[in-house]
2 protein chains.
Amino acid sequence: MARRGRRPAGQGDTRESVLRAARELFAEVGFDRATIRAIAARAEVDPALVLHWFGTKDDLLAAALELPVDPSRILAGLDAESHLLGVEVARRVLLTFDASPEVRTRMAILLRTGLGHEHAAEALRDLIGRTVLTTLSDVARPDDRELRATLVSSQMVGLMLGRYVLQVPGLADAPVDQVVAAVGPVLQHYLRGDLRLPSAGTSRIRTAR
Amino acid sequence: MARRGRRPAGQGDTRESVLRAARELFAEVGFDRATIRAIAARAEVDPALVLHWFGTKDDLLAAALELPVDPSRILAGLDAESHLLGVEVARRVLLTFDASPEVRTRMAILLRTGLGHEHAAEALRDLIGRTVLTTLSDVARPDDRELRATLVSSQMVGLMLGRYVLQVPGLADAPVDQVVAAVGPVLQHYLRGDLRLPSAGTSRIRTAR
DNA sequence: ACGCGAAGTCAACGGTTGTTGAATTCGGCG
DNA sequence: CGCCGAATTCAACAACCGTTGACTTCGCGT
């Protein structure tokens, strides 16, 4: 089996199936343990072919790291004045992840590899920092914009880590609505609320009307 | 230099210095890239000695994973009725981490290795789930206790990931007080607030009076 | 029909890794 | 003082890794 030379036509794009196998393995076991040989085996292909398509293992990671969805597309058309802004953000993000295994896989790659490999650490830093900052900057309050964006990111990343990657019991099996209800007001607070120290005055976070 | 045989007495516990070197490297580069040889080199010791003390590399990781501080000790004596409960929790945790590089290192190990190595993933799941649950169960509202605890954990883990491990710009350089002021009300909400969907009624999160 | 380049495979290389067993040196106990 | 066991080192092994270069086979344009 697996004779030499070019394969007879008919089956799908080989390059794509290699990339899919790579994404799966990166998500499952991280960068170092996802060996090129294992990726090739899952794609039913020779190890050399992987590097023939992607050059080097780092390049393969870079190719696997692209975000599956444009964050600004998910969060388009938000009403900055609504007191349900935070809830709406939470709902959209949670629904996107709950609906698509593909999206969850990419996030798992980002988290698994972004904590050892500098190449991916930069991507993760970007997601938490710049990306969310730009997509939320026109609905967030103008003061402390950077802090607000990173706080939103930190809560969402922590949530995804627990719910989708680690699958912590109480969090992974909770219904979407419940999580949205709990987290929504928090995002509302981070986006539009008063971030100053409570002891210096009175501040309230309105979760709804 | 580095002659054979037992070392002349005088210098400190070798086993301990190996463990320290291992913790540093696990925190810096994760499990796979922290080679036994590199750990031995940092501890100025032969690689074989590392395994002589700890048996196997997995055992070494297990030894390095122990929590540096008892969470229940940090969170002892909280006033469940105070509307500053969340702020107090945030302050204590943040101060603990900001003050001690040792604590930050252990958390970095947990996050870096807990996302590839199943051995550590369990420890991380435990921290997010059971540990925080038990230490907060007597100040959290009795309903949805598990969800409340995991939500608190997810926020704090996300925060530590961004602030201490990834060192995201807007978050890593913010003063403690500001972060406490922003996150405190959120923890208050998770611990004591109404987690039901806002559209089903009115709910407010009092951050302070 | 035919050849050129792309797609795919094979076998091998040099390097690194975790782990092991024998050899060596020293502290401490009798 | 002499010796036993613990502490430390050395050298080596087998496995595995990423990467490379030569080779083969097919699709397609002319």
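To find a chain, count down the sequence lines: A is the first, B the second, and so on, and within it residues start at 1. Values reported hereafter were calculated over all heavy atoms of this structure, with side chains retained and with hydrogens, waters and symmetry mates removed.
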If you compare every side-chain N and O of A:T35 against the phosphate oxygens of D:dC16 (OP1, OP2), does one of them come in below 4.0 Å?
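Answer is no, no contact under 4.0 Å.
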
Under 4.0 Å from OP1 or OP2 of D:dG18: is there any side-chain N or O of A:T56 that close?
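It does not, given that no N or O in the side chain of A:T56 lies less than 4.0 Å from OP1 or OP2 of D:dG18.
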
Which whole-number value in Å describes the distance from [X] [atom1] to [N] [atom2]?
| X | N | atom1 | atom2 | result |
| --- | --- | --- | --- | --- |
| A:R15 | C:dA7 | CZ | P | 10 Å |
| A:D32 | D:dC16 | CG | C1' | 14 Å |
| A:L61 | D:dG18 | CG | P | 13 Å |
| B:I36 | C:dT16 | CD1 | P | 16 Å |
| A:D59 | D:dG18 | CG | P | 14 Å |

Given that B:L49 and A:P47 both sit by DNA chain D, which one's nearest nucleotide is further toward the 5' end?
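Result: B:L49.
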
If you check every side-chain atom of B:A48, which of C:dC10, C:dT19, C:dT20 has the closest atom?
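Output: C:dT20.
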
To check you understand the geometry: which heavy-atom pair defines the closest contact between B:A40 and B:V50, and what is its length?
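The pair with the smallest heavy-atom distance is CB-CG2, 3.9 Å.
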
Classify the angle between the aromatic ring planes of A:F26 and A:F31 as parallel (below 30°), tilted (30 to 60°) or perpendicular (above 60°).
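Rings of A:F26 and A:F31: parallel, under 30°.
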
Could you check whether any side-chain heavy atom of A:L171 comes within less than 4.5 Å of a side-chain heavy atom of A:L166, counting everything from C-beta outward?
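Not touching, per the 4.5 Å side-chain cut-off.
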
Are side-chain heavy atoms of B:M160 and B:V165 found at a separation under 4.5 Å?
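Contact flag for B:M160/B:V165 side chains = no.
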
